[in-house]
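All remarks here apply to the structure that follows.
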Amino acid sequence: MAEQTLKVQKIKNGIVIDHIPCGMALKVLKILGIQGDIGSTLTLAMHVKSKNGLKDIVKIEDRNLDERELDKIALIAPTATVNVIKDYEVVRKHKVVVPKVVKGIVRCMNPRCITNQREPVEPEFTTISTEPIVIKCKYCGREMDSEDIVENII
Ligand SMILES: [Zn+2]
């Protein structure tokens with residue numbers, strides 16, 4: 001019953017990130033830098049039943065997402081849908097798009113990579129798979145999956 005209540009509960013202004021792969025909601029919050037006291041209301045629903053199986057939902061009041069944050073979400077939750085809410089209405093709804101080139105938002109996990117040297121080069125990856133997500137470093141060829149990405153998000 002708690003799930004039902006949560007699904008119909010509306011927020012006035014903010015964002016709803018829906019269709020997050022089951023179990024990834026906390027990681028989405030982590031990559032958005034949302035931990036502990038953020039000064040806005042946060043609703044988290046995990047393991048919610050949907051047509052395509054279980055999913056997670058995150059609602060954040062009085063918050064917007066920029067392109068960079070949308071790219072980060074796409075990398076760990078490629079199925080996510082972002083709803084922008086204004087005055088209790090959905091004013092924009094779109095699916096996240098996994099970027100083909102991931103630039104400056106993930107650090108390469110190879111400590112010897114040129115992007116991790118004293119005069120670092122901006123990290124850049126190519127997306128080589130979207131299901132599951134795998135990105136490959138342009139400089140050293142290291143491949144990273146979504147777990148690695150969560151750990152190395154900038
Ligand atoms: Zn590298």
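Remember, it's 1-based here, ligands and their atoms both numbered in the order they're listed.
A donor-acceptor distance shorter than 3.5 angstrom exists from the side chain of E69 to the backbone of D66, with no hydrogens or angles considered.
Distances shorter than 2.8 Å separate the Zn ion (ligand 1) from the protein N/O/S atoms C108 SG, C113 SG, C137 SG, C140 SG.
More than 12 heavy atoms of other residues, nucleotides or ligands lie within 6.0 Å of CD in E122, so this atom counts as buried by the packing criterion. Within a 6.0 Å sphere centred on CD of E131, heavy atoms belonging to other residues, nucleotides or ligands number 12 at most.
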Using atom types as modelled, flag every donor-acceptor pair under 3.5 Å from a side chain in residues 87-94 to any protein atom, sequence neighbours excluded.
none

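Residue pairs meeting the salt bridge (Lys or Arg N to Asp or Glu O under 4.0 Å) criterion with at least one partner in residues 98-115, sequence neighbours excluded, are K103-E124. Each salt bridge (Lys or Arg N to Asp or Glu O under 4.0 Å) pair with one or both residues in residues 20-30, not counting sequence neighbours, appears once here: K27-E147, K30-E151.
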